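Right, one structure below, let's go through it.
All values derive from a computational prediction rather than experimental measurement. Order of the sequence lines sets the chain letters (A, B, ...), proteins ahead of strands, with each chain counted from 1.
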There are 2 protein chains.
Amino acid sequence: MKHIESVKNARVKQWKKLHKKKEREESGTFLIEGFHLVEEALKVEGLVEEIILAEDRSIPAQWNLDYVQLTYAVPEVLKAMSDTETPQGIAAICKIPRSDEVTIKPSHRILMLDNVQDPGNVGTMIRTADAAGLDLIILGEGCADVYSSKVIRSTQGSLFHLPIIRGNLTEWIKKTKEEGFPVYGTSLQNGVSYHEITPPPSFALILGNEGKGMAAEHLAQTDQNLFIPIYGQSESLNVGVAAGILMYYLRG
Amino acid sequence: MKHIESVKNARVKQWKKLHKKKEREESGTFLIEGFHLVEEALKVEGLVEEIILAEDRSIPAQWNLDYVQLTYAVPEVLKAMSDTETPQGIAAICKIPRSDEVTIKPSHRILMLDNVQDPGNVGTMIRTADAAGLDLIILGEGCADVYSSKVIRSTQGSLFHLPIIRGNLTEWIKKTKEEGFPVYGTSLQNGVSYHEITPPPSFALILGNEGKGMAAEHLAQTDQNLFIPIYGQSESLNVGVAAGILMYYLRG
């Protein structure tokens with residue numbers, strides 16, 4: 001059993017770098033923290049490469065670690081790796097899944113995000129998409145990185161429950177339309193109230209940036225753009241809330 | 001025109017204390033920051049007592065300051081009063097509205113919160129309730145203080161658009177039921193799927209704590225408890241998202 005005694009260990013330094021997007025992309029790995037997230041990640045075959053456990057903690061009996069390397073460390077190492085105030089004494093290194101293996105099926109319900117920048121919003125939308133039974137999430141240009149620790153925390157494990165890929169939205173919208181899906185954009189200004197849509201068996205729904213909404217070029221590509229009526233005096237809804245209302249409405 | 005030159009001014013010290021709940025309650029005032037929020041607050045008669053403006057900023061021409069004291073200050077004062085990283089150079093002292101003046105009308109739609117602790121969640125729900133055209137929000141025991149800066153920011157001005165009161169939920173549920181309202185609780189375990197409810201002309205909807213949900217004693221008081229079906233593998237929805245789905249569904 002490996003055991004790391006110091007926060008100055010070279011591997012610890014390397015793991016800490018995974019808080020940066022550039023390092024995640026170069027290494028093809030990301031870091032997760034906490035028992036709940038590691039447990040959820042272990043349910044996905046081949047995702048977890050290595051678990052780092054504080055020596056004063058233990059692995060729950062029901063976990064299967066047959067294909068996972070387990071490394072013990074002094075609690076200070078887990079603290080150094082963590083960006084939360086109350087580290088739980090467990091972290092894991094996971095492989096970033098390959099997005100070229102994702103295929104769209106005719107029955108799919110898809111969420112696309114166009115330049116959604118806030119990590120909490122992206123994480124919450126992934127969690128809601130999972131709850132609403134969606135099948136695929138596509139993050140377009142400008143979105144918060146799904147493997148940042150704040151997005152991961154906000155998903156509460158949902159990022160391991162459905163495929164999430166990054167891609168060029170222009171191409172994905174085109175591709176999705178070719179498959180015969182209705183593609184719905186969202187816009188405060190134009191479009192139809194979502195109530196007027198009869199929930200379809202499959203769809204793609206696109207949410208846009210917190211301040212600016214969807215890019216005009218993507219709004220122009222969709223089959224129809226939807227809005228949520230504002231009955232009071234607020235100017236808009238939080239994008240994560242809007243996504244929840246629309247996903248639950250459209251899935252019928 | 002008054003002008004404050006130093007962050008050590010006694011009034012500045014007093015204003016900074018308004019970041020604490022105890023001080024807000026003792027003074028009956030709260031602090032808001034930024035041009036958008038101050039503009040929204042000015043639309044409510046008698047709410048804004050005083051505006052503090054950095055000397056390098058100016059008041060928009062369309063604002064009516066007939067009944068508001070305007071104090072200029074060096075920019076450092078506004079920075080000292082702010083808890084954001086990018087203060088906008090304007091703040092205002094507002095009166096906490098009296099809750100004993102609120103009356104329920106038969107046509108009302110009401111949101112009640114039971115022990116919702118996260119300021120961002122409380123703020124987002126206030127914003128959504130405003131958007132959905134609700135008429136009243138009642139915050140029960142354990143909720144984040146609506147006049148904390150994080151809640152205020154998250155509401156994006158909606159806290160000035162509808163009455164928000166703090167109260168004893170047991171009493172308010174009883175009172176609301178006596179008025180003939182259907183009162184809906186929310187619960188993951190029991191209850192009926194919200195789809196089974198026909199949107200009523202008026203209602204009270206209760207959302208509960210992020211981790212523990214609603215208190216059992218309040219669940220027992222309602223007419224009916226609703227849940228939102230989870231179609232995927234996530235364990236639950238964010239409470240702010242759940243509130244949005246339910247408010248928009250129930251308002252029909």
**OP:** Look at A/G133, A/G244, A/S236, A/S234 and state which one has the largest set of heavy-atom pairs under 4.5 Å with chain B.
**Re:** A/S234

Original post:
Quick one: does B/D130's side chain have a donor or acceptor within less than 3.5 Å of a partner on A/Q233's backbone?
Top reply: yes

Original post:
Is the number of heavy atoms from other residues, nucleotides or ligands within 6.0 Å of NZ (B/K95) greater than 12?
Top reply: yes

Subject >> Separation of A/R127 CZ from B/E235 CD (nearest 0.5 Å) >> reply: 9.0 Å

Subject >> Whether B/Y248 side chain and A/A242 backbone form a donor-acceptor pair below 3.5 Å >> reply: no

Original post:
Which of the residues B/L134, B/N238, B/T155, B/D135 is involved in the greatest number of heavy-atom pairs with chain A at under 4.5 angstrom?
Top reply: B/N238

Original post:
Picking from A/M247, A/R251, A/E40, A/Q156, which has the most non-hydrogen pairs under 4.5 angstrom with chain B?
Top reply: A/R251

Original post:
Above 12 or not: heavy atoms from other molecules or residues under 6.0 Å from CD of B/E45?
Top reply: no

Subject >> Contact origin within A/T124 toward chain B - heavy atom pairs under 4.5 Å >> reply: side chain

Original post:
Got a sec: does the NZ of A/K43 have more than 12 other heavy atoms crowding it under 6.0 Å?
Top reply: yes

Original post:
Is it the backbone or the side chain of A/S154 that comes under 4.5 Å from a heavy atom of chain B, or both, or neither?
Top reply: neither

Original post:
Highest number of heavy-atom pairs under 4.5 Å with chain A: which of B/T128, B/I230, B/L237, B/V241?
Top reply: B/L237

